[in-house]
Amino acid sequence: MTGYTDTEMMALAAGRLIKDGDIVFAGTGVSMLAATTAKRIYAPGAVFFFETGGIDPDLRELPMTVGDPRVMSGTSINTGLIDALSLLGHRKLRTIALLGTAQIDRYGNLNTTSLGDYHRPATRFPGSGGACDAASCASGVISFVKHEKRRFVEKLDYLTSVGWYRGGDSRRRLGLPRGGPIAVVTNLGVMKFDDPTKEMYLACRYPGVPVETILENTGFPVDVSRTVEAEPPSAEELRILRKEVDPQHLILQ
Amino acid sequence: MSDIDDKLMSPADAVRRFIGNGSQVAIGGFTINRNPMALACEIARQGVKDLHLVCHSHGQALDLLIGAGCVSRLELAYGGNGRYAPTCIRFRDAVENNKILFEDYSNYQMSLRFLAGALGVPYIPSKSGLGSDVIRLEGFPPGIRKERNVASKKVVIAQNPFSNDDDPVVLLPALTPDVALVHAQYVGDDGTVRITGLSFADIEQAKSADVVIVSCEEIVPRSIIRRDPDANSLPPFLVDAIVHAPHGAHPTACYGFYDYDPGHLNLYRAAAGDDETWRAYLDKWIYGVPSHEAYLEKIGDTALRALRADPERGYAVGLDRK
């Protein structure tokens with residue numbers, strides 16, 4: 001088995017969650033890599049769309065962001081933000097959103113806005129973009145985050161995008177009748193959410209990653225009793241990812 | 001003599017005539033795409049102050065205008081340029097160091113606010129953002145809430161008045177900016193505007209504004225632009241100024257014409273991280289060039305040629321984007 005990087009494993013782990021027939025909304029960064037990977041390897045029959053308005057592009061070249069002209073090429077239709085974002089919550093569609101984040105809590109709420117005081121932040125991030133909308137309206141969210149204690153926190157510095165909110169049925173009581181986080185893909189494993197508490201648990205760890213490492217890097221307790229080891233990437237998966245999806249290593253590290 | 005002789009003007013004249021200190025300006029495009037850069041550079045060159053920018057997800061024009069000290073208030077959803085600036089660099093500096101007032105919304109919320117302005121309604125409901133800090137925390141201080149073009153509140157959570165059940169909605173205040181800046185691929189010599197590729201929220205932004213300035217790659221005969229009216233974006237009577245500015249979105253992309261410019265965006269990133277090198281960037285690329293034409297000459301034909309879009313695919317196939 002050849003070696004592989006964290007970003008490669010994250011893109012493949014997320015790609016494996018996408019199925020033919022899914023309607024997938026992808027954000028910038030690793031989300032884009034996972035979307036393009038899924039289209040090439042796991043789910044050529046899935047439809048990918050972007051908040052900017054590009055619906056089902058051919059993805060012959062990896063878009064670097066959702067504003068890349070590559071999301072407008074070979075599409076079924078080119079529209080704009082309101083059209084694309086209204087599809088996210090359309091009542092007849094089952095949509096999955098792929099979102100990166102800087103911080104996450106045990107209920108899958110996300111922060112992409114800032115660290116420290118909101119008005120005088122220690123670190124400012126780009127902001128919601130379409131993430132708050134996707135988290136509110138999509139049928140499900142898969143998020144990406146580096147597995148570090150400072151990112152898996154008890155309390156977010158700012159809640160940009162609502163996940164399971166405070167657990168249980170609290171999301172529904174907010175007035176959001178559908179949606180919620182499905183999975184969190186990190187550089188160490190994949191987390192999912194328990195019913196009915198909606199608390200995060202460890203669903204799988206990547207090959208060779210000890211459970212203890214994951215616990216040490218998570219800022220709150222997680223159930224690890226059901227953890228399985230993920231399949232390592234195959235040579236063919238890595239070849240497609242490196243040679244076809246991101247040959248310039250724009251997002252791959 | 002064409003229908004647009006009275007509207008056709010240079011970037012300098014358009015900015016001088018329609019944008020002043022304190023104007024509320026909506027900027028079109030999205031992160032690294034179709035930013036009205038020729039107009040933004042001219043705003044910076046003229047040293048306009050205290051702009052109140054309103055946008056959804058923005059990148060290059062936003063960052064340049066903040067970095068050049070033109071902006072005192074900002075309502076936005078996102079400031080980033082992909083790998084070239086995961087968070088826009090001068091934007092980040094301005095927020096972290098308290099140089100501007102800012103208010104965060106989401107993309108859907110900002111787009112809907114422009115739509116409300118275009119529709120002539122005072123607010124618009126949405127389900128997006130319930131439970132989030134985007135709704136809970138106000139960025140603007142109460143002291144400016146009574147001023148013109150500032151909403152009295154960021155949002156209001158209300159009950160759906162048509163439902164017998166508990167059904168909260170987010171009411172978003174309409175935006176009616178003084179000026180909208182749009183960079184389009186084509187304008188007809190009758191004034192009809194055509195955006196190709198994605199329109200983002202440019203059309204809603206233009207319809208919500210008092211004044212619309214459109215810069216464009218090409219001005220084409222009326223007979224051409226009216227041959228396929230289904231593809232057109234704005235009618236002539238909504239447009240107040242037309243600026244012919246080929247490569248007017250550089251270093252961002254313009255679908256069907258050219259890609260974003262990785263070389264220049266990398267150069268920008270290297271300069272923007274430090275106050276001194278940033279000042280040198282402005283001196284070299286903004287203040288040191290008298291016009292958009294002079295800017296393009298400095299960028300050079302070789303660099304521009306490498307960005308030329310493939311006519312079928314709309315972007316530069318195989319462009320080195322590192």
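These values consider heavy atoms only, across backbone and side chains, with no hydrogens, waters or symmetry-generated copies. Residue numbering restarts at 1 for every chain, and letters A, B, ... go by the order of the sequence lines. As the structure is a computational prediction, the values presented were derived from the model and not from experiment.
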Which atoms of [X] approach chain B - backbone, side chain, both or neither, heavy atom under 4.5 Å:
X	answer
A/Y165	side chain
A/T112	neither
A/D68	both
A/A122	backbone
A/S128	both

| query | So does B/D104 pair up with A/R124, basic N to acidic O under 4.0 Å? | reply |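 So B/D104 pairs with A/R124 through a salt bridge.
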Heavy-atom pairs under 4.5 Å with chain A - which of [options] has more of them than the others?
options	value
B/G129, B/C254, B/A253	B/G129
B/E312, B/E138, B/M110	B/E138
B/F30, B/Y315, B/Y255	B/Y315
B/N98, B/T31, B/N160	B/N98
B/D259, B/N33, B/I203, B/L198	B/L198
B/Y105, B/F114, B/F91	B/F91

| query | Would you call the rings of A/F152 and A/F220 parallel, tilted or perpendicular if under 30° counts as parallel and over 60° as perpendicular? | reply |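 Because their plane-to-plane angle lies in the 30° to 60° range, the rings of A/F152 and A/F220 count as tilted.
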Chain B contacts, top residue of [options] (heavy-atom pairs, under 4.5 Å):
options	answer
A/S73, A/S161, A/G129, A/G127	A/G129
A/R166, A/H119, A/E61, A/R173	A/E61
A/L174, A/L176, A/T65	A/L174
A/T52, A/N78, A/I77	A/T52
A/G67, A/G80, A/S114, A/P126	A/P126
A/N111, A/T79, A/T75	A/T79

Answer yes or no: is there a donor N or O on one side and an acceptor on the other, between the side chain of [X] and the main chain of [Y], under 3.5 Å?
X	Y	answer
B/R83	A/I251	no
A/W164	A/S170	no
B/N232	B/R194	no
B/D133	B/L137	no

Is the number of heavy atoms from other residues, nucleotides or ligands within 6.0 Å of [atom1] ([X]) greater than 12?
X	atom1	value
B/F140	CZ	yes
B/K99	NZ	yes
A/R239	CZ	yes
B/R145	CZ	yes

Answer with side chain, backbone, both or neither: which region of [X] has an atom nearer than 4.5 Å to a non-hydrogen atom of chain A?
X	answer
B/Y260	side chain
B/S199	both
B/E204	side chain
B/V317	both
B/D320	both
B/S132	both
B/P141	neither

| message | Run the side chain to side chain donor-acceptor pair (under 3.5 Å) test on B/Q60 and B/N35 for me, step by step, so that the C-alpha distance in whole Å, both residues' side-chain angles and the decisive distance to 0.1 Å come before the verdict. | response | CA-CA 7 Å; B/Q60 198 61 16; B/N35 286 206; over 6 Å; no
| query | Yes or no on side chain to side chain donor-acceptor pair (under 3.5 Å) for A/Y107 and A/R171, after CA distance, side-chain angles and deciding distance? | reply | CA-CA 10 Å; A/Y107 300 113; A/R171 177 186 169 91; over 6 Å; no
| Given A/R40, A/K39, A/R60, the one that forms salt bridge (charged side-chain N to carboxylate O under 4.0 Å, His left out) with A/E244 |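 One option only clears the test, and that one is A/R40.
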| Do the non-hydrogen side-chain atoms of A/V185 and A/V145 ever get within less than 4.5 Å of each other? |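 Of all side-chain heavy-atom pairs linking A/V145 with A/V185, none is under 4.5 Å.
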